[in-house]
Amino acid sequence: MTATALPPSPPADPHSYAQGPALPHLRLSLTVDFAQRTLAGSATWLLAAPLPAATTLVLDTRDLRIERAEAFSSADDHTAAEAATALSYALSTPDPVLGQALRLELPAGTQTVRIAYSTRPEAAALQWLSPAQTAGEHPFLFTQSQAILARTWLPCPDSPGRRFTYEATVEVLGPERGQLLALMSAENSQSTAADGRYHFRQPQPVPAYLLALAVGRLDFAPLSKRAGIYAEPATLTRAVHEFTEVEHMITASEQLYGPYRWGKYDLLTLPTSFPFGGMENPCVTFVTPTIITGDRSLTSLVAHELAHSWSGNLVTNATWNDFWLNEGFTVYFERRIMEQLYGRAYADMLQVLGEADLRHTMEELGAGNPATHLRLHLAGRDPDDGLNDIAYEKGCLLLLAIEQLVGRPRLDSFITEYFARFAFQSMDTDRFAAYLTQVLLTPAEASQLNLPAWLDGPGLPPGAPVARSARFAAVDAALARLAAGTPPTDLQHITTEWSSQEWEHFLRGLPPTLTADDLSQLDVTFHFNASGNAELLAAWFPLTLRAGYTPADASLEKFLLHVGRRKFLVPLYRALLATPGGRERAQTIYRRARPNYHSVATSTLDELVGGEG
Ligand code: BES
Ligand code: ZN
């Protein structure tokens, strides 16, 4: 088991300029200025030891205002009586995606490098919200660093293959400072500081994409000794009710794949403009409030972000080309957690829905498209454009294929050991393939699996697993009756116990040829327009748009003005654009909605919808 001979560590990350000595620790000191929409202060990088000789250090930056760079020959820049040595530095020509390399010439003896800087109001990682864009009456700030946006809020080695521990001092400025709580992907306080000053410590080494900060009028409610919720006061009670199962999820995860190694596991529910469903920031997962439905039907998303505490945050994709190692493992792990809590039939529904997403994405990308390979080739591209469902669902299917081949007991002990052995390290596709074949698979199993076809081949290899769901079979039967002319009201008694997943499968299974009249009957019976479930609404609106069922227009518009989650916005604007006169309608809505969207969403939608004025 220990005699594995893995290939050497991965080649350079095509999305980072960073070079030079290891930087094992970061000290961040920032003020948060809501009036100016800037973060200002310094990032201090500690080297492992004083440099034996003069060396060039290169960090990633994008849209930062660098004010000054200094070196110290001790590890402590706060109390040392020693004077700072001013450093000469240079910024390279800006690249729209990668930003600018910051080159610093470090003299021999340097142990600490301090860079004074500030961010720009339009920094891509930062979303500054006005009070009207929150659930309350105070401004809000949150960061989204993945994939390569950390460099827009601090100068750093912005590669998932580079880790560091960190501590931070954050001071909130302005008259409202005493009411705003600051949180980071670190040990957090549970109450607001009257002076607006917060200290953070992340004792575990993390890559830059897991750096996170949020500031807002937030309250905390504990769920268990190690789990809790931060939310705006107007959202907290509903969030606590929705997420009561979090401790059970953590316990189930530990039973599956080993100890949770990050101390606390809290959730922060963000304002609706959060561009993702969830983001696995260590110690505090950021989530969209659109998963708060009142019936706990979308909590697999929490299981997903929690699972990243192992797959991703402990063992991290070396570059964004290896993204499937983060997301494919996490989707597999997420469904194992859900199975543990709610049973196999529930997990099967999630798997079938995921496979439907995968088929859809593969059709869109087209057979033979290299974007359908697990190993990506994103050099020269914005990783934000290149990352899609393939890593998630094809990655999960690879693990299911291995499960079928070797059985759960063997796969589970392999995964547990994999997380333990490579904890706080990065992993790339070749090293993983070598490890898997050396440690888990017999030669016969390896040839049956055909790993090269999974990793570097298009679509799905023949014999890829296909999930079945007994509960969906009942939904399919209802769909068949509907297609044969049974009126929706006659199906009502079958549907009373349906979960959100069954409804999602139902909506996806409705024929695209339904007329506005058909949809009206369905709506009167099942109340889709009035649903509080964002997943269902997002599956319903494309049907109403195609059929011209106008009673849905107002709720679609409300949805687009309110929700910033890109996964919903892109297909909805596409469906809107495909209707007669749709471009003008889409642009009218987009012009109003755009101020509420994060740059991650607008950078995609500006291209799709246009007319942003
Ligand atoms: N880490 C991702 C979000 C992400 C990926 C942000 C790539 C930036 C670049 C997160 O874990 C995730 O996958 N979120 C999903 C939800 C999940 C249940 C599939 C999302 O936001 O939709
Ligand atoms: Zn994920």
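Both counts, for ligands and for their atoms, begin at 1 and track the order of listing. Everything quoted here is computed from the prediction, not taken from an experiment.
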_Assess the residue pair Glu305 and Thr285 against the criterion (side chain to side chain donor-acceptor pair (under 3.5 Å)); give the C-alpha distance rounded to whole Å, side-chain angles, the decisive distance to 0.1 Å, and a yes or no._
CA-CA 7 Å; Glu305 304 312 333; Thr285 282; 5.5 Å; no
Show me a pair-per-line table, with atom names and distances to 0.1 Å, of protein N or O atoms that are under 3.5 Å from an N or O of ligand 1.
unit_1: ligand 1; atom_1: 1 (N); unit_2: Gln146; atom_2: OE1; d: 2.7
unit_1: ligand 1; atom_1: 1 (N); unit_2: Glu280; atom_2: OE1; d: 2.6
unit_1: ligand 1; atom_1: 1 (N); unit_2: Glu280; atom_2: OE2; d: 3.1
unit_1: ligand 1; atom_1: 1 (N); unit_2: Glu327; atom_2: OE2; d: 3.2
unit_1: ligand 1; atom_1: 11 (O); unit_2: Glu280; atom_2: OE1; d: 3.0
unit_1: ligand 1; atom_1: 11 (O); unit_2: His304; atom_2: NE2; d: 3.3
unit_1: ligand 1; atom_1: 11 (O); unit_2: Glu305; atom_2: OE1; d: 2.7
unit_1: ligand 1; atom_1: 11 (O); unit_2: Glu305; atom_2: OE2; d: 3.2
unit_1: ligand 1; atom_1: 11 (O); unit_2: His308; atom_2: NE2; d: 2.9
unit_1: ligand 1; atom_1: 13 (O); unit_2: His304; atom_2: NE2; d: 3.2
unit_1: ligand 1; atom_1: 13 (O); unit_2: Glu327; atom_2: OE1; d: 3.4
unit_1: ligand 1; atom_1: 13 (O); unit_2: Tyr392; atom_2: OH; d: 2.7
unit_1: ligand 1; atom_1: 14 (N); unit_2: Gly278; atom_2: O; d: 3.3
unit_1: ligand 1; atom_1: 14 (N); unit_2: Glu305; atom_2: OE2; d: 3.3
unit_1: ligand 1; atom_1: 21 (O); unit_2: Gly277; atom_2: N; d: 2.5
unit_1: ligand 1; atom_1: 21 (O); unit_2: Gly278; atom_2: N; d: 3.3
unit_1: ligand 1; atom_1: 22 (O); unit_2: Arg565; atom_2: NH2; d: 3.3

*If you look at His308, which of its N/O/S atoms is nearest to the Zn ion (ligand 2)?*
NE2
*Between Glu334 and Tyr392, is any pair of side-chain heavy atoms under 4.5 Å apart?*
no
*Any chance the rings of Phe286 and Phe276 have centres within less than 6.0 Å?*
no
*Specify whether an N/O/S atom of Glu327 falls short of 2.8 Å from the Zn ion (ligand 2).*
yes
*Decide, yes or no, whether a salt bridge links Arg566 with Asp384 under the criterion of side-chain N to carboxylate O below 4.0 Å.*
yes
*Could you check if a side-chain atom of Leu59 sits within less than 4.5 angstrom of a side-chain atom of Cys156, using non-hydrogen atoms only?*
no
*Can the ring centroids of Tyr332 and Trp324 be said to lie less than 6.0 angstrom from one another?*
no
*State yes or no: are the ring centers of Tyr209 and Trp320 separated by less than 6.0 Å?*
yes
